[in-house]
Undergrad: 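Before I ask anything, let me first share the structure, which is written out below as C-alpha cells.
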Amino acid sequence: ELLARLELLDEMIKEEASRAELVREMGWGATPYEQRSKLLKVTRQHYVGLLRQFLLDMELPDADGREALAARPSER
C-alpha cells in the first residue's frame, strides 16, 4: 500500500509541476501550484520515512505514533 501511494504521489508531483510551468508561461501567478507541489513533496517524504521504518523494523507505529505491540526481533 505504501508503494502504491508513493507512485501516486510521484504522479501528482509531476502533474503539479506541469501545471505550475504552464501557468508561469502564461504569465500568471503559480504560487498555489508551487505550494501544493511542496506539500505533496513533504507528504512523499513522510511516506518514504514510514516505508524505511517498516523495512528496518518490520512493523509500523500505531495511530498515536508509538511502536506496535510486537517486540522487535532483537528484543525477543
Side-chain angles (χ1 to χ4, degrees):
E1 185 179 339
L2 287 173
L3 289 175
R5 289 179 186 233
L6 280 172
E7 289 176 11
L8 179 60
L9 281 168
D10 286 340
E11 184 179 321
M12 292 172 69
I13 290 168
K14 288 177 188 175
E15 289 172 1
E16 279 306 307
S18 296
R19 286 186 192 106
E21 184 62 30
L22 177 65
V23 167
R24 269 193 236 85
E25 287 175 3
M26 298 184 82
W28 300 336
T31 303
Y33 299 100
E34 292 166 347
Q35 289 175 340
R36 192 174 306 135
S37 180
K38 192 179 291 186
L39 181 60
L40 289 169
K41 288 176 184 178
V42 168
T43 302
R44 186 187 186 286
Q45 289 173 342
H46 287 290
Y47 276 102
V48 168
L50 280 173
L51 181 59
R52 185 174 291 128
Q53 178 181 346
F54 176 73
L55 293 173
L56 292 174
D57 296 343
M58 296 309 289
E59 60 186 45
L60 290 172
D62 64 10
D64 296 329
R66 295 175 294 175
E67 289 185 3
L69 295 177
R72 292 182 177 164
S74 62
E75 297 172 352
R76 291 183 187 159

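Note that these values count all heavy atoms, side chains included, but never hydrogens, waters or copies made by symmetry.
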Undergrad: Please determine, by modelled atom types, if Tyr33 and Arg19 share a side-chain donor-acceptor pair under 3.5 angstrom.
TA: no
Undergrad: Give the cluster check for Val23 versus Leu40: same hydrophobic cluster or not, with ILVMFWY residues linked at side-chain heavy-atom distances below 4.5 Å.
TA: no
Undergrad: Measuring from atom NZ of Lys38 to atom CD of Glu16, what distance do you get when rounded to the nearest 0.5 angstrom?
TA: 13.5 Å
Undergrad: Roughly how far, to the nearest 0.5 Å, is CG of Asp10 from NZ of Lys41?
TA: 11.0 Å
Undergrad: First locate atom OG1 of Thr43, then atom CG of Leu8, and finally report the distance between them rounded to the nearest 0.5 Å.
TA: 11.0 Å
Undergrad: Would you kindly confirm whether Ile13 and Val42 end up in one hydrophobic cluster when ILVMFWY residues are joined by side chain heavy atoms under 4.5 Å apart?
TA: no
Undergrad: Closest heavy-atom contact between Arg44 and Leu9?
TA: CA-CD1, 3.7 Å
Undergrad: Using side-chain heavy atoms (C-beta onward) and a distance below 4.5 Å, is Glu34 in contact with Arg24?
TA: yes
Undergrad: Find out if a path of hydrophobic residues (ILVMFWY) with successive side-chain heavy-atom gaps under 4.5 Å connects Tyr47 to Leu55.
TA: yes
Undergrad: If you look at every heavy atom in Ala20 and Ala30, which pair is closest and at what distance?
TA: O-CB, 3.8 Å
Undergrad: Would you call Leu39 and Gln35 a side-chain contact if the rule is heavy atoms closer than 4.5 Å?
TA: no
